[in-house]
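Remember, predicted model here, so these are calculated numbers, not experimental data. When a ligand or atom number is given, it counts from 1 through the structure's own listing order. These values consider heavy atoms only, across backbone and side chains, with no hydrogens, waters or symmetry-generated copies.
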Amino acid sequence: MGQKSIPRSLRRTRNHWERLASIDPFWAILTDPNKKNGGWDKDAFFQSGVETVDDEISRLCARFDDVGRSRVLDFGCGVGRLSLGLSRHFDHVTGVDISARMIDLAGDFNCHPEKVEYVHSPCSDLRLFGNDHFDLVFSLITLQHMNRRHACRYLAEFVRVTKPGGYILFQMPSRRLPEKSFRLRWRRRILRSIEWVNRKLLVDRRPHFEMHMVSESTIRQVLTGAGATVIDATRNSGSGERYLSMGYLARKEGGGRS
Ligand SMILES: C[S@@+](CC[C@H](N)C(=O)[O-])C[C@H]1O[C@@H](n2cnc3c(N)ncnc32)[C@H](O)[C@@H]1O
């Protein structure tokens, strides 16, 4: 896949993740301040993925008895934390990521190669997959790290690659939460402006976490426009305490359900 096929803004996102993956991949994925500089224990890190997935999938299957278990897509799979958790529930898991380094690491940690495959996808869509392919598209703490135009495009792609009647489960922050006090609000604004200027002037070349938000109404519009019904939009804690994060569950139209 040539460089030219990636829009510039996405190339920047990709480069950041490549660097983060080379420096401290577990911490780049789960930014617990106590686990910086290689502080994550590998087993604890992957166990967190198993617990998150068990929780999401058991809630989904308790509500709906028609969840297909053949194929699942883990979009933004990183080193495979959630993909390995998904392999306990599905026959075949495909993890995709924009970072080649993340995909290499995911391959190194893949203890179920018979069920789990990882694919490098440096593109702004899911052209690697045909229509109606997956029973479930799953994506946590990923869409928030790219600009909203790309996030919305991927959402429409999620619908395209899902089987009719299949499910789409993801998380995305809808807005920044206000700081508790006026002083903190201004402090945060000034710090953000300084960071922005430093990055623009290339004074600060450290990889950083882009955070983007998409309103619930826009998400509903994109999913509906692409042919899915939004079942749930519920508040969760997936984006940390500064953002109002929402968990979405949608079903692609067709497949015998109205
Ligand atoms: C915070 S990590 C989350 C990884 C995984 N979802 C988890 O929870 O363990 C975000 C991942 O999304 C990937 N990513 C960012 N933009 C992407 C894109 N446009 N397409 C695919 N992956 C992307 C990054 O490379 C990174 O591995």
query: Given the side-chain rings of Phe45 and Phe109, with only the six-membered ring counted for Trp, is the space between their centroids under 6.0 Å?
result: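 When the ring centroids of Phe45 and Phe109 are compared, they turn out to be at least 6.0 Å apart.
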- prompt: Just checking, Lys36 and Trp27: is the charged tip under 6.0 Å from the six-membered ring centre and within 45° of the axis?
  reply: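 Satisfied, under 6.0 Å and within 45°.
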query: Is Arg251 close enough and on-axis enough to Phe64, meaning under 6.0 Å and within 45°, for cation-pi?
result: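 Judged by the rule (NZ or CZ under 6.0 Å from the ring centre, within 45° of its axis), Arg251 counts as positioned above Phe64.
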- request: Applying side-chain hydrogen bond (donor to acceptor under 3.5 Å, both in side chains) between Ser9 and each of Arg14, His150, Glu210, report the one that passes.
  value: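 Looking at Arg14, His150, Glu210, the match for Ser9 under the side-chain hydrogen bond (donor to acceptor under 3.5 Å, both in side chains) is His150.
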For ligand 1, what N or O to protein N or O distances fall under 3.5 Å?
| from | atom 1 | to | atom 2 | distance (Å) |
| --- | --- | --- | --- | --- |
| ligand 1 | 6 (N) | Gly76 | O | 2.7 |
| ligand 1 | 6 (N) | Leu140 | O | 3.0 |
| ligand 1 | 8 (O) | Arg81 | NH2 | 2.8 |
| ligand 1 | 9 (O) | Arg81 | NE | 2.8 |
| ligand 1 | 19 (N) | Tyr154 | OH | 2.9 |
| ligand 1 | 22 (N) | Ile98 | N | 3.1 |
| ligand 1 | 25 (O) | Asp97 | OD1 | 2.5 |
| ligand 1 | 27 (O) | Asp97 | OD1 | 3.4 |
| ligand 1 | 27 (O) | Asp97 | OD2 | 2.7 |

message: Is there a side-chain hydrogen bond (donor to acceptor under 3.5 Å, both in side chains) between Tyr167 and Asp66? Walk through the geometry before answering.
response: CA-CA 10 Å; Tyr167 293 85; Asp66 62 348; 2.6 Å; yes
- request: Kindly write out the residues that satisfy side-chain contact (heavy atoms from CB on, under 4.5 Å) with Ser58, not counting sequence neighbours, or none if the list is empty.
  value: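 Partners of Ser58 under the side-chain contact (heavy atoms from CB on, under 4.5 Å) test: none.
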